[in-house]
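To start, the structure itself, in structure tokens.
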2 protein chains.
Amino acid sequence: MNGKRYSRQRELIYEALRQTDEHPTAEMVYHWLKPENPNLSLGTVYRNLNLLADEGTIRRMAFPVERYDARTEPHPHFCCDRCGCVYDLEMPYDPELDRQALLASGHDVTGHAVTFHGLCVKCKPLH
Amino acid sequence: MNGKRYSRQRELIYEALRQTDEHPTAEMVYHWLKPENPNLSLGTVYRNLNLLADEGTIRRMAFPVERYDARTEPHPHFCCDRCGCVYDLEMPYDPELDRQALLASGHDVTGHAVTFHGLCVKCKPLH
DNA sequence: AGAATAAACAGTAACTATTACTGTTATTGA
DNA sequence: TCAATAACAGTAATAGTTACTGTTTATTCT
């Protein structure tokens, strides 16, 4: 009753995402599928990606908007899922991780960012 | 000679950023400064934040656009500074870090994301 | 199976974040 | 002090994303 129905487009979008490791943007998914599905709409891609991400079937990766920090030395951040606030965290930065990443991938790793998420001290009480 | 000049607006913007730990967006900085500086332009804030970030005086934090991943279990990523490609990294995820973050901050930490950056294997040879 | 209900769609308009452009102001080196 | 031009204010344009409108279609209930 209350809710979600099957849709061929959602299936398509999800399958496209499962078949790749490119971490595509909505635009990319749209362009992959459009030729075979000429009347697929970009809005549909966005809607379904958000839908799938909200239900936890796929994963969203990015801050919504660009933020800036005057502390330039690398340090971890905490980003609240509820209010969107970003906090600094006083935790050690481990350069050894970069070496491990290089070994695991072969890429020329120059640094890394750690971002924790959850509910911040202000939002926690509010449920 | 070669370029950069002093500007009161850049100074203002940088000082505002140094005085806070809110990791503000360009919009936030603009709204803080606008009342005291009625003819400050939002474009100027964007331009100077980017300028300061490019020269390494401040730090930018975000992917430019939203990306999606069908692998929902937490795992680190590598984002190439040159081509913008995003790769999965086969490295262990350490849940212990979340506990440490909780202890350090008091926030209700539910997870973390690690994003390495540098030049990917394709871009490395191209300089 | 066939009709009724509403979720999901395509197409498009609107909105938000960011960058580019234009004419003006102001820093700087001579 | 003055010419050269970086940086500015204001605004237009662009890019990414979301919302709206009328239509299609999956599901539910006979």
Side-chain angles (χ1 to χ4, degrees), chain A residues 1-17 22-55 57-69 79 81 83-86, chain B residues 1-17 22-55 57-69 79 81 83-86:
Chain A
M1 187 125 268
N2 73 324
K4 227 153 275 178
R5 290 184 182 170
Y6 171 84
S7 104
R8 176 169 155 64
Q9 288 87 339
R10 181 149 59 244
E11 180 85 37
L12 269 172
I13 290 164
Y14 181 50
E15 280 311 310
L17 193 59
E22 286 192 54
H23 308 77
T25 63
E27 191 79 26
M28 287 162 77
V29 173
Y30 175 68
H31 279 113
W32 291 340
L33 299 177
K34 186 68 174 176
E36 306 280 285
N37 306 270
N39 54 357
L40 176 68
S41 171
L42 178 58
T44 298
V45 176
Y46 273 104
R47 185 162 22 79
N48 281 297
L49 286 173
N50 284 332
L51 214 148
L52 291 165
D54 288 345
E55 77 183 22
T57 309
I58 68 173
R59 198 166 240 266
R60 210 184 258 114
M61 30 189 305
F63 283 115
V65 297
E66 199 104 39
R67 286 176 170 259
Y68 299 89
D69 190 349
C79 180
D81 291 333
C83 70
C85 281
V86 177
Chain B
M1 184 118 275
N2 71 326
K4 226 154 275 178
R5 291 181 183 175
Y6 171 83
S7 105
R8 176 170 154 62
Q9 288 87 342
R10 182 149 58 243
E11 179 85 38
L12 269 171
I13 289 163
Y14 181 49
E15 279 312 308
L17 193 59
E22 285 192 55
H23 307 78
T25 63
E27 190 80 24
M28 288 162 79
V29 172
Y30 175 69
H31 279 113
W32 291 340
L33 299 177
K34 186 67 173 175
E36 308 279 287
N37 306 270
N39 54 358
L40 176 69
S41 171
L42 179 57
T44 298
V45 176
Y46 272 105
R47 186 160 23 77
N48 280 297
L49 286 172
N50 284 333
L51 213 148
L52 291 166
D54 287 345
E55 75 183 22
T57 309
I58 67 172
R59 197 167 241 266
R60 210 183 259 116
M61 30 189 304
F63 282 116
V65 298
E66 198 105 40
R67 286 176 169 261
Y68 300 88
D69 189 349
C79 181
D81 291 333
C83 70
C85 282
V86 177

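So that the names make sense, note that chain A is the first sequence line, chain B the second, and so on, each numbered from 1.
Look at CG on D54(A): it is 14 Å from C1' on dT17(D), rounded to the nearest Å. Taking atom CZ of residue R67(A) and atom P of nucleotide dA17(C), one finds them 11 Å apart after rounding to whole Å. dA15(D) atom C1' lies 15 Å from atom OH of Y30(A), rounded to whole Å. Whole-Å rounding puts the K4(B) NZ to dG29(C) P distance at 15 Å. Atom CG in L49(B) sits about 13 Å away from atom C1' in dT19(C), given to the nearest Å. Distance, N48(B) CG to dA26(C) C1': 14 Å, rounded to whole Å. Taking atom CZ of R60(A) as the reference point, atom P of dG16(D) lies 17 Å away to the nearest angstrom. Rounding to whole angstrom units, CD of residue E27(B) and C1' of dT18(C) are separated by 10 Å.
Here D54(A) pairs with R60(A) under the side chain to side chain donor-acceptor pair (under 3.5 Å) rule; sequence neighbours left out. R10(B) pairs by the side chain to side chain donor-acceptor pair (under 3.5 Å) definition with N48(B), not counting sequence neighbours. Residues meeting the side chain to side chain donor-acceptor pair (under 3.5 Å) test with S41(B), sequence neighbours left out: none. Taking E15(B) as the reference, R18(B) meet the salt bridge (charged side-chain N to carboxylate O under 4.0 Å, His left out) condition, with sequence neighbours excluded. S7(A) pairs by the side chain to side chain donor-acceptor pair (under 3.5 Å) definition with nothing, not counting sequence neighbours. For E36(A), the salt bridge (charged side-chain N to carboxylate O under 4.0 Å, His left out) criterion is met by no residue, not counting sequence neighbours. L12(B) pairs by the side-chain contact (heavy atoms from CB on, under 4.5 Å) definition with R8(B), L33(B), N37(B), not counting sequence neighbours.
Evaluation of the ring pair (Phe, Tyr, Trp, His ring centres under 6.0 Å) test over residues 23-42 of chain A, restricted to residues two or more places apart or in two chains, returns H23(A)-H77(B).
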Using atom names, set out every protein N or O paired with an N or O of nucleotides 22-25 of chain C below 3.5 Å, distance rounded to 0.1 Å.
none

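Regarding contacts with the backbone of dT17(D), every side-chain N or O of N50(A) stays at 4.0 angstrom or more from both OP1 and OP2.
When all heavy atoms of Y6(B) and E11(B) are compared, the pair lying nearest together is CE1-OE1, 3.3 Å. Taking both residues in full, the closest heavy atoms of G84(B) and C79(B) are given as O-SG, 4.2 Å, listed atom of the first, atom of the second, then distance. Taking all atoms of both residues into account, the shortest heavy-atom contact from I13(B) to T44(B) is CD1-O, 4.0 Å.
Side-chain atoms of L40(A) and Q9(A), non-hydrogen and from C-beta on, do get closer than 4.5 Å to each other.
Axis orientation changes by 40° from one end of the helix from dA1(C)-dT30(D) to dA30(C)-dT1(D) to the other, with each end axis drawn from 5 pairs and the value rounded to 10°.
For residues 33-47 of chain A, proximity to DNA chain C is found at N39(A), L40(A), S41(A), T44(A), R47(A), defined as any non-hydrogen atom under 4.0 angstrom from a strand atom. Contacts between residues 5-15 of chain A and DNA chain D, defined by a heavy-atom separation under 4.0 Å, are made by R5(A), Y6(A).
A salt bridge links E55(B) with K4(B): at least one charged nitrogen is closer than 4.0 Å to a carboxylate oxygen.
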